[in-house]
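Because only heavy atoms are used, hydrogens play no part in the values below, and waters and symmetry mates are left out as well, while side chains stay in. Because the structure is a prediction, the values reported are computed rather than measured. Convention: sequence-line order gives letters A, B, ...; per-chain numbering from 1.
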Protein chains: 2
Amino acid sequence: MQQEPLVGDAFGEMIRDALAVSTGVGPRPLAGGRLPRPVIEIIEREDGLINGAPAAPYLDPPSAWPDHDHRALSRVRGRVLDIGVGAGRIALELQRRGVAVTGLDVSAGAIEVCRRRGVHDLVLATVDEHAAAAGPTYDTFLLLGNNLGLIGGADRALGFLAALAALARPGAQLIAHGTDPYNTTDPVHVAYHRLNRSRGRLGGQLRLRVRYRELATEWFDYLVCSVDELRELVAGTPWRIADIDNADAPYYLATLELAATG
Amino acid sequence: MQQEPLVGDAFGEMIRDALAVSTGVGPRPLAGGRLPRPVIEIIEREDGLINGAPAAPYLDPPSAWPDHDHRALSRVRGRVLDIGVGAGRIALELQRRGVAVTGLDVSAGAIEVCRRRGVHDLVLATVDEHAAAAGPTYDTFLLLGNNLGLIGGADRALGFLAALAALARPGAQLIAHGTDPYNTTDPVHVAYHRLNRSRGRLGGQLRLRVRYRELATEWFDYLVCSVDELRELVAGTPWRIADIDNADAPYYLATLELAATG
């Protein structure tokens with residue numbers, strides 16, 4: 001009687017448990033009802049691929065971050081929207097530096113964890129919803145932790161970048177961490193990229209869901225694209241690519257600037 | 001287009017990758033095609049529950065083992081069959097001590113890893129197949145690493161214990177590591193135990209599969225039972241419970257002895 005997982009806030013439950021494990025406070029996963037077990041993020045791709053990775057890095061202090069996160073933060077200016085705030089590691093560090101930062105996430109559990117960890121300004125919404133609310137505007141948008149993926153795909157990128165433009169102050173910038181997915185000979189990935197292209201998607205437009213214990217998120221698109229693909233997606237939007245930092249290839253940090261309005 | 005994973009030797013591929021990560025030799029999972037990523041064992045239960053755990057402990061040296069593994073090995077005598085040999089950690093230590101040990105597993109990948117790590121005597125088979133082959137017989141059977149679960153369920157235990165009796169020398173013993181599953185108030189587990197009982201299974205008769213990347217094993221039954229349940233399963237078999245070591249509850253070490261033939 002193989003059952004599908006329940007649809008729910010799998011990511012939030014995972015972040016909640018990761019916080020409980022890291023602090024030793026509150027209910028947390030135990031093996032045999034007794035021994036703490038590490039919290040693992042499980043990501044399933046529509047083609048049956050599944051991968052697990054420790055969730056602890058979502059809570060890492062700046063000393064444990066990859067260098068490109070520090071380079072991204074050195075570029076921040078003005079009021080910041082941290083998109084996909086997760087457990088708040090970036091927002092907390094910006095707060096500590098005196099930067100005005102708002103954390104945005106679609107996961108209620110993630111938002112709750114950010115609040116408990118001390119992030120002051122939080123919004124539970126998609127970028128589209130936040131733009132529609134006609135609230136604050138921002139000077140810097142952050143998509144770190146590979147969250148360039150949140151632009152979703154070629155079909156979605158225009159709308160996503162338009163929503164950010166609607167939230168942007170003049171001269172705003174978008175700093176996004178991406179990964180070139182094509183630096184692989186793994187037949188599982190190569191076949192999936194080919195399948196994607198055969199149905200008119202970009203090769204790295206992944207269809208994923210997060211699973212945690214009995215829960216799964218809805219399936220969502222997460223775009224892993226090359227810099228060349230990003231250039232094409234950005235063309236025709238209010239944004240232009242101002243800089244590509246390729247020092248940690250295949251990872252890259254793309255800085256987009258809002259084109260001056262005429 | 002959500003697809004089911006391919007059925008294959010998911011456990012073996014995982015153990016192979018865990019070995020490659022631990023030795024730094026051979027192809028191994030990389031993040032972004034560059035950074036080594038820890039190998040995670042993902043176990044899915046038929047009710048949609050999924051859990052991940054690091055695979056590295058399959059390769060742990062004796063210094064990292066839980067105490068009950070050492071207590072189990074102190075009880076070993078004569079020729080040993082290590083059932084579910086995995087990556088060979090127990091068999092390698094027994095070999096080092098000069099014990100004659102055979103490693104048995106249904107995973108071709110696990111057997112290959114054991115061979116590469118230096119386990120001399122290996123059999124790729126189920127317990128039933130090994131018994132049917134009418135080969136060697138044994139003085140000690142080991143079911144460590146929670147492998148009491150391999151007796152499967154109430155429907156399967158009789159056959160499993162009969163196969164071991166067929167492989168047994170006079171006075172043989174079976175040393176099995178189990179876990180009492182009922183020491184939990186987790187509603188996900190409590191509901192699953194209730195479902196199991198409603199269909200005539202023991203509460204902890206788990207229906208599982210291992211998933212690793214694009215592969216999944218077939219679904220299999222894995223029995224997590226209390227000591228009282230074990231007593232009932234053993235009654236009417238050629239075995240009797242000689243000792244229960246409960247020092248690490250909810251884990252326990254059950255030592256069964258072959259009843260003297262009349």
Side-chain angles (χ1 to χ4, degrees), chain A residues 1-7 10 14 27 29-35 37-55 66 146 178-189 191-192 195 199 207 209-216 219 224 248-252, chain B residues 1-7 10 14 27 29-35 37-55 66 146 178-189 191-192 195 199 207 209-216 219 224 248-252:
Chain A
M1 49 130 253
Q2 183 184 348
Q3 290 181 342
E4 274 290 299
L6 300 173
V7 172
M14 176 196 81
L30 300 170
R34 207 188 52 168
L35 302 173
R37 45 189 299 163
V39 175
I40 302 290
E41 179 174 41
I42 296 177
I43 297 182
E44 196 174 17
R45 204 169 64 185
E46 61 178 330
D47 61 340
L49 182 73
I50 200 160
N51 273 307
N146 218 27
T179 306
D180 186 325
Y182 305 121
N183 177 36
T184 180
T185 56
D186 185 327
V188 175
H189 293 314
Y192 186 69
L195 167 71
R199 50 186 181 164
R207 191 143 184 86
R209 63 179 178 182
V210 176
R211 293 184 64 173
Y212 187 69
R213 291 180 39 84
E214 76 277 23
L215 296 179
W219 291 96
V224 188
D248 296 336
Y251 305 122
Y252 59 87
Chain B
M1 52 129 248
Q2 183 184 349
Q3 289 181 341
E4 274 292 298
L6 299 173
V7 172
M14 176 195 79
L30 300 171
R34 206 188 52 167
L35 302 173
R37 45 188 299 161
V39 175
I40 302 290
E41 180 176 38
I42 295 176
I43 299 183
E44 195 174 19
R45 203 168 67 184
E46 60 177 330
D47 60 340
L49 182 74
I50 201 160
N51 273 307
N146 219 28
T179 306
D180 186 326
Y182 305 121
N183 177 36
T184 180
T185 56
D186 186 327
V188 176
H189 294 313
Y192 186 68
L195 167 71
R199 50 185 183 169
R207 191 142 184 88
R209 62 179 179 183
V210 176
R211 293 184 64 173
Y212 188 68
R213 289 180 41 84
E214 76 276 26
L215 297 179
W219 291 96
V224 188
D248 296 338
Y251 304 123
Y252 59 87

Which atoms of [X] come close to chain A, meaning under 4.5 Å heavy atom to heavy atom: side chain ones, backbone ones, both, or neither?
| X | result |
| --- | --- |
| Arg199(B) | side chain |
| Asp186(B) | side chain |
| Leu6(B) | neither |
| Arg213(B) | both |
| Ile42(B) | side chain |

Counting distance only, does the side-chain N/O of Arg45(B) pair as donor-acceptor with the main-chain N or O of Asn51(B) below 3.5 Å?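 Between the backbone of Asn51(B) and the side chain of Arg45(B) there is no qualifying donor-acceptor contact (under 3.5 Å).
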
Could you tell me the separation between the CH2 atom of Trp219(A) and the CD atom of Glu46(A), rounded to the nearest 0.5 Å?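 Between Trp219(A) CH2 and Glu46(A) CD, I get 7.0 Å after rounding to 0.5 Å.
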
Return the CZ to CG distance between Arg211(A) and Leu49(B), rounded to the nearest 0.5 Å.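 It comes to 8.5 Å.
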
For chain A, the option from Ile50(B), Thr185(B), Val224(B), Asn146(B) that forms the most heavy-atom pairs under 4.5 Å: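 Going by pairs under 4.5 Å, I would pick Ile50(B).
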
Could you pull out all residues at least two apart from Arg209(B) that satisfy salt bridge (charged side-chain N to carboxylate O under 4.0 Å, His left out)?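 In terms of salt bridge (charged side-chain N to carboxylate O under 4.0 Å, His left out), with neighbours along the sequence ignored, Arg209(B) is linked to Glu4(B), Glu44(B).
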
Glu214(B) vs Asp47(A), test: side-chain contact (heavy atoms from CB on, under 4.5 Å). Steps then yes/no. CA-CA 8 Å; Glu214(B) 76 276 26; Asp47(A) 61 340; over 6 Å; no

